[in-house]
Asks: 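Starting off with a structure, shown below.
When reading the values below, keep in mind they use all heavy atoms of this one structure, side chains included, and skip hydrogens, waters and symmetry mates.
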Amino acid sequence: MIRHRHADEFWLFTQHDHALLSGRLAEQIGGRVIARPSPRAIQGIALHDCGWPLHDDDPTLNPAGEPLHVFETPPIISTRVWSASASRAANKDPYSGLLVSLHVLHLSLMSQAAHRSPPDVFELNKFQHGQIELQEQLRPQVGLRIDRPLTHGLAAPGTSPEEDALLFDFRLLRAMDALSLALLCSEPMSITLDGLQTRPGGAEAKISLSRPAEFTVALGPSPFEDDALEFPVPYRRVPARWYTSIEEFHGVFRDAPRLTQIIRIAGLV
């Protein structure tokens, strides 16, 4: 769940809707700055949070009594939804599943810095072993070898055209994920599109990003076919306050109206 603070309300966007927005963004890449992604890569990007309904259909509270924001998620929750995301994506297509597994594996590695208690470390280590095993099952299904040196599931650049394509798609997933978060989150964020490549095996694409207004991102140069884009994203809004119990919050959440927010992407002036 993304908890967007708007005046005296929390606007709540589900992680799966955020991921679907990421996929719609990937569909708009025009080939001028970034090579057009394959349909399988776009599907993987759109599915990268497809396990999150396990939480977001029945959302929880943080210790302050606020709806749990994705950046506050403890490993006992995140590992469950990450695992479901990878397995659900793999059930649709092995390449999409491999992309999502790589993404959630790298999220878990970043999570280790903030979660050092023995129970958290155990959950993260167990999850990481499971994802490595899943990737070993999926790689042969998409024509990738399992006897090459890999770093967190990825081969070094230049290993082969197939590995370069996977690295390109993985970095594109991360960039579209970051762009969608920049569009939907309210807090100040240091979000960049660093690491995004112009094409498989190509140089890094230099794209500047700014947030000139709420629900608006400006890019330069724009990687999209059209410089100006608009998309509707569903959300619910609830009062921005401390909730005394999960039962109280669930009652408010389920009665909250389902609304639509228009997000915008523009070129840098």
Side-chain angles (χ1 to χ4, degrees), residues 1-3 12-27 37-60 67-112 114-115 120 122-139 141-142 144 150 152-154 166-185 233-235:
M1 188 79 73
I2 292 172
R3 186 186 69 233
L12 304 177
F13 298 88
T14 72
Q15 286 301 106
H16 188 41
D17 285 328
H18 139 74
L20 292 175
L21 173 61
S22 302
R24 296 184 70 184
L25 294 170
E27 286 179 331
S38 69
R40 297 177 91 181
I42 292 171
Q43 178 174 252
I45 293 169
L47 292 174
H48 78 257
D49 278 341
C50 64
W52 270 91
L54 292 176
H55 173 270
D56 289 354
D57 287 349
D58 197 26
T60 59
L68 185 74
H69 192 6
V70 60
F71 299 136
E72 302 165 345
T73 311
I76 194 66
I77 293 175
S78 59
T79 54
R80 182 169 68 105
V81 297
W82 290 339
S83 294
S85 296
S87 62
R88 290 178 180 183
N91 286 338
K92 288 185 175 291
D93 174 71
Y95 189 79
S96 298
L98 179 59
L99 266 185
V100 175
S101 178
L102 288 167
H103 175 65
V104 296
L105 174 63
H106 282 249
L107 290 179
S108 74
L109 295 168
M110 292 188 290
S111 180
Q112 285 178 320
H115 300 284
D120 286 348
F122 174 76
E123 287 296 330
L124 290 167
N125 287 343
K126 181 174 64 173
F127 166 78
Q128 290 160 3
H129 284 293
Q131 291 309 301
I132 292 168
E133 291 175 359
L134 176 62
Q135 291 169 25
E136 288 180 347
Q137 296 169 21
L138 295 174
R139 279 181 146 265
Q141 297 180 45
V142 298
L144 293 170
L150 301 174
H152 309 314
L154 293 165
L166 179 64
L167 180 61
F168 171 81
D169 291 341
F170 168 74
R171 291 181 174 180
L172 181 62
L173 189 161
R174 294 184 68 180
M176 295 302 100
D177 177 35
L179 181 54
S180 181
L181 288 171
L183 285 160
L184 297 177
C185 293
V233 183
Y235 74 99

Asks: Please step through ring pair (Phe, Tyr, Trp, His ring centres under 6.0 Å) for the pair His48 and His18, ending with a clear verdict.
Replies: CA-CA 9 Å; His48 78 257; His18 139 74; 5.2 Å; yes
Asks: If we ignore angles and hydrogens, is there a donor and acceptor under 3.5 Å between the side chains of Asp169 and Tyr95?
Replies: yes
Asks: Locate the shortest heavy-atom distance separating Pro37 from Leu172; write the atom from each residue and the value.
Replies: CB-CD2, 3.5 Å
Asks: Mark yes or no for whether Ser83, through its side chain, and Arg80, through its backbone, hold a donor-acceptor pair below 3.5 Å.
Replies: no
Asks: What's the separation between atom CG in Asp120 and atom OG in Ser111, rounded to the nearest 0.5 Å?
Replies: 7.5 Å
Asks: Return the orientation label for the Trp82 and Phe127 ring planes: parallel under 30°, perpendicular over 60°, tilted otherwise.
Replies: tilted
Asks: When rounded to the nearest 0.5 angstrom, what distance separates CG in Leu184 from CD1 in Ile2?
Replies: 4.5 Å
Asks: Is any side-chain N of the basic residue among Arg24 and Glu27 closer than 4.0 Å to the acidic one's carboxylate O?
Replies: no
Asks: What residues form a side-chain hydrogen bond (donor to acceptor under 3.5 Å, both in side chains) with Arg88, not counting sequence neighbours?
Replies: none
Asks: Of all heavy-atom pairs between Pro74 and Leu68, which one has the smallest distance, and what is that distance?
Replies: CD-CD2, 4.2 Å
Asks: For Phe71, give me all partners under ring pair (Phe, Tyr, Trp, His ring centres under 6.0 Å), at least two apart in sequence or on another chain.
Replies: His69
Asks: Nearest 0.5 angstrom please: Leu181 CG to Ser22 OG, how far?
Replies: 7.0 Å
Asks: Locate the shortest heavy-atom distance separating Ala86 from Leu134; write the atom from each residue and the value.
Replies: CB-CD2, 3.8 Å
Asks: Take the angle between the ring planes of His106 and Phe170 and call it parallel below 30°, perpendicular above 60°, tilted in between.
Replies: tilted
Asks: So, for Pro94 and Gln141, which heavy atoms are closest and what is the spacing to 0.1 Å?
Replies: CB-OE1, 3.6 Å
